[in-house]
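Heavy atoms only: backbone and side chains are in, while hydrogens, waters and symmetry mates are out. Lettering of chains follows the sequences in order, A, B, ..., and the numbering in each one begins at 1.
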Amino acid sequence: MRYAGWPGRRRVSRVFENEQRSLLSLDAVTLDAGGTRLIRPVTADIPLGARTVVLGPNGAGKSLLLRLCHGLITPTSGRLEWLPGTAKAPPRQAMVFDRPVLLYRSVAANIRYPLEATRVPRREHAERLREALVFAGLEQRARQFAPTLSAGQKQRLALARAWALRPDVLFLDEPTAHLDLAATRDIETMINAIHHKLAGVILTTHDLAQARRIADHVVFVHKGKVIEWGAADSFFDRPRAPEARRFLNGELFE
Amino acid sequence: MRYAGWPGRRRVSRVFENEQRSLLSLDAVTLDAGGTRLIRPVTADIPLGARTVVLGPNGAGKSLLLRLCHGLITPTSGRLEWLPGTAKAPPRQAMVFDRPVLLYRSVAANIRYPLEATRVPRREHAERLREALVFAGLEQRARQFAPTLSAGQKQRLALARAWALRPDVLFLDEPTAHLDLAATRDIETMINAIHHKLAGVILTTHDLAQARRIADHVVFVHKGKVIEWGAADSFFDRPRAPEARRFLNGELFE
Amino acid sequence: ADRPLLVLSTTSVENSGLMAYLLPKFEAKAGFKVVLAAFGTGQAIRAARNGDADLLIVHDKPSELAFMADGFGVERREFMYNDFLVVGPVDDPARIAGMTDVEAALRRIVATGALFVSRGDTSGTHKAELRLWAAAGLDPNSFDVSWYRAVGAGMGATLNAAAGMQAYTLVDRGTWLAFRNRRVLKALVEGDPRFVNQYSVLLINPERHPHLQHDKARVLADWLVSPEGQDAIGSFRVAGEQLFVPNAHQRNASRRE
Amino acid sequence: MNFGDVIGQAFRLIFSLDPDLLEIIGRSFQVSLSSVVISAVVGAPLGAVIAMARFRGRGALVVVLNALMGLPPVVVGLLVYVMLSRAGPLGVFNLLFSPTAMIIAQTVLITPLIAALSRQIVEDVWQGYAEQFRSWGIRPIRAVPTVLWDARVGLMTVLLAGFGRAISEVGAVMIVGGNIDHLTRVMTTTIALETAKGDLDLAMALGLILLLMSLLVNALSHAVRRVAGPAASLARV
Amino acid sequence: MNFGDVIGQAFRLIFSLDPDLLEIIGRSFQVSLSSVVISAVVGAPLGAVIAMARFRGRGALVVVLNALMGLPPVVVGLLVYVMLSRAGPLGVFNLLFSPTAMIIAQTVLITPLIAALSRQIVEDVWQGYAEQFRSWGIRPIRAVPTVLWDARVGLMTVLLAGFGRAISEVGAVMIVGGNIDHLTRVMTTTIALETAKGDLDLAMALGLILLLMSLLVNALSHAVRRVAGPAASLARV
Ligand SMILES: Nc1ncnc2c1ncn2[C@@H]1O[C@H](COP(=O)(O)OP(=O)(O)OP(=O)(O)O)[C@@H](O)[C@H]1O
Ligand SMILES: Nc1ncnc2c1ncn2[C@@H]1O[C@H](COP(=O)(O)OP(=O)(O)OP(=O)(O)O)[C@@H](O)[C@H]1O
Ligand SMILES: [Mg+2]
Ligand SMILES: [Mg+2]
C-alpha cells in the first residue's frame, strides 16, 4: 500500500463535535442467533475522532460487534445511538471485512462500482480510481479479474475501495491480516494520519503490537461480553480484568 | 488451538530418508496464466524433515508456489520431483488454504468428511474427530454450521481438519493470519513439535518474527521469481539479494 | 381490407388436404386470401361463437343447429359429405372384413372382446359412433375399459392409438386416406348407408359480430355450393380415390328465420 | 368467459370429490412424480459429473445437454411410441398406452432439463470446493454425492422445474398414453380434451386445480427444506 | 420406423431448402426468441428482486413462483385466447391467430420459469455480496442490475432453459395461433399436424431439425459466453 496523504479534507470530528465527545453509544445491546446469545448486553461508548481497537480472542464477538455498530445486523435488544445528544444523522461509514467481498469483475470495476452506486460526483471518479489503484499497489493490475488476486492484493483492494468513498467512519476487521510488512506499515501510517480528520476508525486486530501502536481506545471482548473498555494506555499497562491480563499474555483460550 | 501432542508416530522423515536429504526438487518450473508469466523458472530444493518458510511481499507468488508443489496446478513447463533419487511414491500431503474452504456442513461433519473420503480406518474416526475438535478449541461448537464460524475459528477448523489426516507433508498458507496470540503460539508449538516427525512442513507467513521462530529453511519469492533460498539463519542474518534486505526491512513494495 | 378471410374448420378437413386443394383455386378467382385454422369440433364452434373467425365448416348437425338456434349463424349450407368406415388390425380377430352391415360388425367386435378405440371427445365422428352403437342396441357407457378404449383425442391421435394397440375404430374416409401410419390397420367395413358424414358451411350473424368480413365469407360459401366449387370438391383425389362427395344441389340451405 | 365462474367451478369440482377427478389427479401425480424421481436419480448426478469432471468434449456435451432442454414433448412421445409399439424393439413388453409408458416418456423429456440445470447449480458450489477436494486427493467422481448434498437447496428448485414441466406437458403423455379413460387419462390430457370439446370453462377450472396441486407440492418441498435444509439462514446472523 | 430413414429425411429436408420449411423454422425462432427476450427482461429482474429483497410473504411468493413453472401450456393458451378473443377484453386489438398472440402466450408460459430459476441463481451470488452492498448503503433493488450482470453465466443456462421450453411447446401456440399455414405455423404445430396425419417419419424428421436448430442457438450462446464472459477460467489457474 502506498498511503501518501490525500487532498486536504475538513476535519470531520470537529464538524460533528459538540459539547459531547461520543461518536456512538451502545445501550444494553444484545444479539441472539442459532438459539444462543452471541453478544451479551453491551453498554459502551465509542469516542469521537479516535482510533478504537476491538480486542479479544477468536470467536469473542469482535466481528459481530463491528457489524452491529455498522448497522449490518440488528440487535436483538438494546439500542445504538450515533452522536448521542445531537440530532445529527449518522455519519457516512465504510467497512472492510475480514474476508474481503470482491465483485466478479476487474480490479478497476471493483473500485468504480461503489463510486457510481453511492453517487460520488462523476468528475471525481477518474481521480479517485487512480488514487485507489496506487494506494493498493495495483496500478499494473487494474484490468485483472479481481477473484484471481492474491490474498494480500484482495485485502489491499478492499481497503483502497473503502477509502475511495471518503467515509467519516471506517470499520476495519483485521485489515492487515494478509498484508506484508510494508503494506501493514502503510495502513498504520494511514490510520494514524487520517483518524483525527475522521469521526472515528474502529478496527480489530490480533497483532497486539499493532494494537499498541494504533489504539487511542480499546474495547476488550470475551465470550460475547465487553469485559473492559477505555483508554488504550491504561488497558495495556494496567488491565483491570483478569481475562484481559491473560489475553495480553497470550494465555487466554476460548 | 490446544496442541498437546498426539499418540506417537513413526518418524516420517527417517522413513523417507535415504542417502539424500531432499523432499522435493523443482526443476525450471514455470507457470503462465491470463497471458502473463506468473512464476518465472524456479529451480530449488525443499529439504526433507524441515520447516520451510516461503517469504515474499503480497502477490509475489507464494501461494501459487505452494499450489504447484502440492500438485493443485500443473506447471506450464519444468518438472517437480518428490524424493528425488529414490523410487518412492510422493508422500501423503495436506494443505490449509489462506481462505479456508469449509463444506456447507457442521463443524464435526467438516472434520469427519475427509476422514471418510480418504479411507482412514473407521475405528479411528471418533478419536480423531475428538482430538481435532479439542485442537481447534471447538468442542462446544461441533454441531454449529461451519460457515457461521468466526474468521479465526474457520482457520482453526481448517488446520485441525488437515492435521486429522496425519499427512507426511503439511502445506500451510498463512496459517495464523486470523488467529489470536494464544492460538498462534499453539500452532507454532505444534509445527516445532511435529516437523521432525514429518517429511516436511512448508508454510507462508507475513509475520517475520514468526518466520524467524519457525524456519529451518527459507524460500524468498519476489515478482514470481525465487530470488534466494537456503538456510534460515543465513537468510535472516545475511540476506544476499538486495530485494531480500529491503523486504526484511519492510521497504519492499510490489 | 386486405385482411385474409379466416375459416375455422374441424381437423378432418385440414388433415385430408381438401382445403389446401380448394383454396388456391378459390383465391385465384375471388382475388382475396383465405386462411384456415383447424380445431376440434367443439373448440371450433366455441371460437366461432366468440367471433374469432369469419366462416365455419363443421360436420356435427346437432351442434350446428344449436349454433343457429342461439343466433350465432345466419345461414347453414350442407355442401358435401364423405363416409365413415370401420378400420382394424389386418389379422382381424373379430372377422368383420367385408361386412357392409355396421351393426352386425359392431356386435361381433363386442362378442369377440376385440379392442376398440373410441374418439371419446364428443366430436362429430364420436357422436356418429355413439349413434351406431345405439342402433346396434348397445350402450357404450357399460363397456369395459379392458377392450373399449375412449382415448379422448383427435382423429389422427386416435388412429395412431389404434395402430399402436391393434384395435378397431371408426374413422372418416378423408382422414383415413390421408393417414400414413396405417401399418397394421386396414379398412374392413364400409358402404353402410348409415356411414354418411355430412359437412356444412355456416355463415356467422353480422349483428352478433359486426367486425367480421361477412361479405367475403359469403363469397366463399357461395363458391363452395356453386357448380364450380362442387366440381372442385368432386375432383379432389388422394391416392386416386375421391374423398368427398359434393351434394349442395341435393340439399336445401336452411336459413335462420 | 367469466373468471369468477371458472374459479367457482374449480372449487365446486374439488369439493365434489368426484371419484373420476380424484383418479385423474392421482394418476397425474403418480406419473409425474415417478418421472421426476427417476430423472433426478439419473440427471442430477449426470449434471454433477459434467460440472465437476474435466474431460475432452465437455464443452460440447454441455451445449448438447442445454439444447436437449428444447426436446419437444411430441417428438419424445413419438420416439417412445415407436419403441414401445408392437412393431418396435420393446413391443413385447406391451407397455404402450399404460402409465408406465407415460413415465418413460416424461423421464426422457425432463432428464436433460434436470441434468442441464443441475450442472449449473453444482458448478457454482464446486467452484468453491474443487481445490480442497483435489488437495484431499478425492477424485471428482467420488465427490459427486457430497457436492449434490451440499447443493441441495439449489437442486430443489431444479427438481421443481422438472416436476413443473412433467406435470404440465401433454404432448408426450397423449401419444404414448392415449388419454384412455380410467387407464391413462391425466389432468393435462383431460384439459386438452375439454378444450377440443369447446368446454373452455371446464378446461380452465381443471387447469386451476392442476396449479393448486403443484402449489401443494411446492409448498411441501418448501416446508421440508425449512425443516431439513442447512441452516443457511444462520450463515449471516 | 427406421431411424436411419428419419435422419436421412431430416437432412434431405434441410438441404432441400424448401421455402415453406424455412419460413416455418424462421417463424419458430422469431416467436420463441422474442418470448425469451421479453421473459428475460421481466423474469430475471423479478427473480433477482425476490432473491435479494427481504419482505413479508417472500417465502410464499417463492413457492407460488416455483409452482407456476408447472403452468400447463394448454391452460396458458386458453387464458391468452380468452383475453385476445373478440369476446375478450383485448379483442379489439385483433391479435388472435397472429404471431404476436403466440409470443404473448409463450411469454406468459416461460416468464415464471425464468423468474424462478433466476431467483435461485441470483440468490447464490447475492449471498456473497449482500453484506458489502448493505455496508455501501445500496438498497438491494438498486443492486439488481449489478448482480444480474455478475450472475450472467448462470443466468445464461436459465435463459436457455426458457428458450428450450418455448421452442418445444405446442399447446399454447396451437390454441392462440391456430397453426395457420403461412401465418402462424411453427415447427411444433407442424410436427403435431404431421403426427395427426400419421406421417410419423416426417414428424420425427422435423423434430430432429428443431433439435438441430436449438443446438445451434445453444452453441452460439456458448461461443458468446466464451468470448464475452468473465474470465471464470482464470479464477483458478
Ligand atoms: N449464526 C450463528 N450461530 C451460532 N453461532 C454463531 C453464529 N454466527 C456467529 N456465531 C458465533 O459467534 C461468535 C462470535 O463471532 P465473531 O465472528 O464476532 O468472532 P470474532 O471475535 O470476530 O473472532 P475472530 O477473531 O476469530 O474473527 C463465534 O463464536 C461464532 O462461532
Ligand atoms: N489467473 C490469473 N491471472 C493473472 N494474474 C494472476 C492469476 N492468478 C494469480 N495471479 C497473480 O499472480 C500473483 C501471485 O499470486 P499469489 O497468490 O501466489 O501471491 P502470494 O505471494 O501468495 O501473495 P499474498 O501474500 O498476497 O498471498 C499475484 O500477483 C496474482 O495477482
Ligand atoms: Mg472476526
Ligand atoms: Mg498468498
Anything in residues 90-110 of chain D with a heavy-atom distance to chain C below 4.5 Å? Please list those residues in order.
D:Leu96, D:Phe97

Separation between CD of D:Glu194 and CG of C:Asp121, rounded to the nearest 0.5 Å
10.0 Å

Could you grab the distance from atom CG of D:Leu193 to atom OG1 of C:Thr122, nearest 0.5 Å is fine?
7.0 Å

With a 4.5 angstrom heavy-atom cut-off, which part of C:Asp60 approaches chain D: side chain, backbone, both or neither?
neither

Cut-off 4.5 Å, heavy atoms of chain D, and the answer for C:Thr41 is backbone

When D:Asn179, D:Asp181, D:Leu183 are compared by non-hydrogen pairs under 4.5 Å with chain C, the top option
D:Asn179

Look at D:Thr195, D:Thr190, D:Ile175 and state which one has the largest set of heavy-atom pairs under 4.5 Å with chain C.
D:Thr195

Counting a contact as any heavy-atom pair under 4.5 Å apart, which residues of residues 144-170 of chain C contact chain D?
C:Val145, C:Arg149, C:Ala150, C:Val151, C:Gly152, C:Ala153, C:Asn160, C:Ala161, C:Ala163, C:Gly164, C:Met165, C:Gln166

Using a 6.0 Å cut-off, check whether atom CZ of C:Arg107 has over 12 heavy atoms from anything other than its own residue.
yes

